[in-house]
Amino acid sequence: MPDARSAHLRIAADLRAQIMAGTLNPGEKLPSTAQLITRYSAANATIQAAVGVLKEEGFLRSEHGVGVFVRDRHVFAIDPSAYYDPATRGVTYKMLDVREVEPPADVAAALGEDRAALRHRRTDRGSDAVELSWSYYPLSLVAGTPLTGRAKIPGGAPRVLTELGYPELSFSDRVTARMPTTEEVEGLDVPPNVPVLRQFRTVYSHDRRPVEVSIIVKPAHLYELHYERDIPSE
């Protein structure tokens, strides 16, 4: 199918791919407008529009009187299998909502229950919002526990669930990409027309009992998920 996007979006997509692949290195000066005009057989206004898109997304930055440069860092590689104390890596959480809810249909199906305790929070790295998460716990299991309150929980959900006799033993992830909702645009400060990564995580205890379902949303232009596993021998 032919690419029906406008010329400046096609050029922005090509430059974005080069930045994410490391062909254009962090901190490297972008080719001049004249060079880009020649490379893409495009008008000056088209090149400026493409560069503007990438500036808005944070891929490029300007230095007045010097030029336009590639952002100083690569995308963050997130190991989705890692459980860690976020405070040790400059990451903080802000609790946005805690309440009893009727979960979305896919969450209810994964939990096997139609009532859940919701803990909705935002994750920040420094001054940047990097993730929104909605964690659901079966109300039949966690009613009356700290998971239904707004107070910070030392050891988090894993400690509470372990004390209930249902330690978190394994999880499965489904990862998709889609355009963000208004809530996600505002909560993550995502530029227009930038997709998000959505992880649908089901956490299991003994006998594969689901004890948590989390929906985790990240800006797709800033993060990549890193998976690694051994290939079983024949």
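These figures come from a predicted structure and were not determined experimentally.
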Please check if the side chain of [X] supplies one atom and the backbone of [Y] the other of a donor-acceptor pair under 3.5 Å.
X: S205; Y: E168; result: no
X: R115; Y: S140; result: no
X: H120; Y: V98; result: no
X: R198; Y: R174; result: no
X: T145; Y: L147; result: yes

(request) Could you pull out all residues at least two apart from Q35 that satisfy side chain to side chain contact (heavy atoms under 4.5 Å, CB included)? (result) P31, S32

(message) If the condition is side chain to side chain contact (heavy atoms under 4.5 Å, CB included), which residues does D189 pass it with, not counting sequence neighbours?
(response) none

Linking I/L/V/M/F/W/Y whenever their side-chain heavy atoms sit closer than 4.5 Å, directly or via other members, would [X] and [Y] fall into one cluster?
X: F59; Y: L15; answer: yes
X: V190; Y: L54; answer: no
X: I47; Y: V70; answer: yes
X: V196; Y: L96; answer: yes
X: V51; Y: V53; answer: no

(message) Applying side chain to side chain contact (heavy atoms under 4.5 Å, CB included) to L36 and L30, what does each step give before you reach the verdict?
(response) CA-CA 9 Å; L36 293 174; L30 194 70; 3.9 Å; yes

Smallest separation among heavy atoms of [X] and [Y], with atom names:
X: V194; Y: H221; value: CG1-ND1, 3.4 Å
X: F171; Y: Y204; value: CA-CD1, 4.2 Å
X: S62; Y: K55; value: OG-NZ, 2.6 Å
X: P195; Y: P180; value: CA-CD, 4.2 Å
X: I37; Y: A42; value: CG2-O, 3.0 Å
X: H206; Y: G165; value: CD2-O, 3.9 Å

(request) With the side chain counted from C-beta on, respond yes when D14 and R10 share a heavy-atom pair under 4.5 Å apart, and no when they do not. (result) no

(message) Under the criterion side chain to side chain contact (heavy atoms under 4.5 Å, CB included), I'd like the reasoning laid out for V211 against L141: C-alpha separation, chi angles, the key distance, then a yes or no.
(response) CA-CA 8 Å; V211 294; L141 182 63; 4.0 Å; yes

(message) Can you tell me if E163 has over 12 outside heavy atoms packed within less than 6.0 Å of its CD?
(response) yes

(message) Please determine whether side chain to side chain contact (heavy atoms under 4.5 Å, CB included) holds for the pair T46 and Y40, giving the CA-CA distance in whole Å, both sets of side-chain angles, and the decisive distance to 0.1 Å.
(response) CA-CA 10 Å; T46 301; Y40 292 106; over 6 Å; no

If I take atom [atom1] from residue [X] and atom [atom2] from residue [Y], how far apart are they, to the nearest 0.5 angstrom?
X: D114; Y: L139; atom1: CG; atom2: CG; value: 10.0 Å
X: N25; Y: D72; atom1: CG; atom2: CG; value: 12.0 Å
X: I216; Y: T123; atom1: CD1; atom2: OG1; value: 8.5 Å
X: Q48; Y: H8; atom1: CD; atom2: NE2; value: 12.0 Å
X: L132; Y: K94; atom1: CG; atom2: NZ; value: 11.5 Å
X: T92; Y: D124; atom1: OG1; atom2: CG; value: 4.5 Å

(message) What I want to check is whether the side chains of S133 and E131 have a donor and an acceptor closer together than 3.5 Å.
(response) no

(message) Just by distance, no angles: are the side chains of S214 and Q199 close enough, under 3.5 Å, to form a donor-acceptor pair?
(response) no

(request) Could you walk me through whether D207 and R209 pass salt bridge (Lys or Arg N to Asp or Glu O under 4.0 Å), step by step? (result) CA-CA 5 Å; D207 300 321; R209 168 162 184 176; over 6 Å; no

(message) Using the rule given for salt bridge (Lys or Arg N to Asp or Glu O under 4.0 Å), can you reason through E184 versus R178, listing the C-alpha separation, both sets of side-chain angles and the distance that settles it, and then say yes or no?
(response) CA-CA 11 Å; E184 292 160 1; R178 59 164 171 73; 2.8 Å; yes

(request) Take W134 and V101 through the test side chain to side chain contact (heavy atoms under 4.5 Å, CB included) and record every step on the way to the result. (result) CA-CA 12 Å; W134 294 259; V101 299; over 6 Å; no

